[in-house]
Amino acid sequence: MPLQYTLLQQCPDTLARRGRVHTEHGTIETPCFMPVGTSATVKAMSTPELEDLGAEIILGNTYHLYLRPGHEIVREAGGLHRFMNWKHPILTDSGGYQVFSLSERRKIREEGVEFRSHLDGSKHLLSPELSMEIQRALGSDIVMAFDECPAADQPKHYVAQSMERTTRWAKRCRDTELGSHQSLFGICQGSVFPDLRKEHAQAIVDVGFDGYAIGGLSVGEPNEQMYAMTELVTPLLPQDKPRYLMGVGTPHDLLEGIARGIDMFDCVMPTRQARTGWLFTRNGLVKMKHAEHKRSHIPLDEECDCHTCRNYSRAYLHHLFKEKEILGMRLHTIHNLHFYLTLMRRARQALEEGRFESFRKSYLRYPGPAETGRSS
RNA sequence: GGAGGGUUACCCGAGUGGCCAAAGGGGGCGGGCUGUAAACCCGCUGGCGUACGCCUACGAUGGUUCGAAUCCACCACCCUCCA
């Protein structure tokens, strides 16, 4: 049985919607944020900790798990859920993002993408069929179609042909058999070109998927364009299927995405930034590496009730960071994920209570790109 | 008492006549990060000045030289070995 989406409530002021995604590994309340666990781990977190934080679904990555440990080993272990001890839903990315992020190491052909492994330089051809095969072995609940994520600076003629190839790949993914509990999401590309975005949204809907993702954004384009493309595409997607904005984003981006009809988000931002010393609060970023925290014997965020803020001071977190202590990364990650997941929980509550629009405007007390007019 | 080695910027350390305000680390101080090649990457780090530059600096002092962190003399301190 593929996943089922239940639309619970629609925002009276925006395109936002409150819903629920049902999978065999459990239910996901939407809009939701999905912590990224590329290599079968949300870096620095154990799975019970993720449960405590309230994560309902996490990501894994096809490309990385294929290279190491190898999808056959994960299959042997009983699938990714058992391998990493996560009982709840998992979404796996297809490797399409690595076409972008590892662009110097690959060649795109109609058949697929030839990668030189970032680990040992060995050559691999990742095709739509292989991506499906790997994701079937991983046993994720939501499988992403194999796409090409073009960089933001690509010219229109390139984006157009790339997008058409992504459509052909989408069909090949659709035609590959998956596990009975697995659902397949298609990905809309088209970069920042409105006509291409519309055209591709229609093409992907025509192929027919269990859910729809908007990809190829947050890859360097100005923020307004990311928002504009999102609100252009979501109305073209079926109401009864979940929509996923891939790789987004900042706390403001999440609120703006929800307002434009997005149900699911993922981003490395809370976890990566945690490890590199940026902490999110409703009043803005706290850069824990800064010397100003050396003697700051107060919590990171007075109004936060996460484990980190309830138990440790800025001075201590700063010390751990400077010392490169592993606990610092863990405590930072706990806080940032708590912040993101709490943001989403409160957004859902606001939607239920019909006050999402005022929530969107007031929750974050520091200016985002929409307020400052900055372009990126 | 004798023989040898050493003293370079906040720390370690390279440099043995001009290309040296001085390599490289570390530390310090910043910047960055959006489907994770990320416990990572990039700057700056003697003073003043936007800059050409000027000043102060390679243990101390004196000297050789057009020119010295670099060569010489002497002094101080540290290390190793032999008595």
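Because the structure is a prediction, the values reported are computed rather than measured.
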**Q** Report the nucleotide, chosen from B:G28, B:G35, B:C40, that has the shortest atom-to-atom distance to any side-chain atom of A:Lys324.
**A** B:C40
**Q** Does A:His332 use its side chain to pair, donor to acceptor, with the backbone of A:Trp278 at less than 3.5 Å?
**A**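 No; zero donor-acceptor contacts below 3.5 Å.
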**Q** Does A:Thr276 get its side chain close enough to the base of B:C40, under 3.5 Å, for a donor-acceptor pair?
**A** no
**Q** What is the base-pairing partner of B:C58, counting Watson-Crick and G-U wobble geometry with both distances under 3.5 Å?
**A** none
**Q** Which part of the nucleic acid does A:Leu59 contact within heavy-atom distance under 4.0 Å: base, sugar-phosphate only, or nothing?
**A**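 Sugar-phosphate, no base atom in range.
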**Q** OP1, OP2 of B:U34 versus side-chain N and O of A:Gln273: anything below 4.0 Å?
**A**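 For A:Gln273, the contact criterion (side-chain N or O under 4.0 Å from OP1 or OP2 of B:U34) is not met.
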**Q** When only distance counts, do a donor and an acceptor, one from the side chain of A:Thr271 and one from the base of B:U36, lie under 3.5 Å apart?
**A**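 Result: at least one qualifying N/O pair found.
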**Q** For this output row, return yes or no: ring centroids of A:His181 and A:His25 closer than 6.0 angstrom.
**A**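 Centroid distance A:His181-A:His25: below 6.0 Å, so yes.
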**Q** Which whole number of Å gives the distance between the P atom of B:A21 and that of B:C54?
**A** 11 Å
**Q** Does A:His124 have its ring centroid less than 6.0 Å away from the ring centroid of A:Tyr66?
**A**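 They qualify: ring centres under 6.0 Å apart.
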**Q** Mind calculating the distance between CE (A:Met226) and C1' (B:U34) to the nearest angstrom?
**A**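 In whole Å, B:U34 C1' and A:Met226 CE are 7 Å from each other.
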**Q** Hey, is the side chain of A:Thr38 poking within less than 4.0 Å of OP1 or OP2 on B:G35, counting only N and O atoms?
**A** no
**Q** Which base, if any, makes a Watson-Crick or G-U wobble pair with B:C19, both distances under 3.5 Å?
**A**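 Its partner is none (no Watson-Crick or G-U wobble pair with both distances under 3.5 Å).
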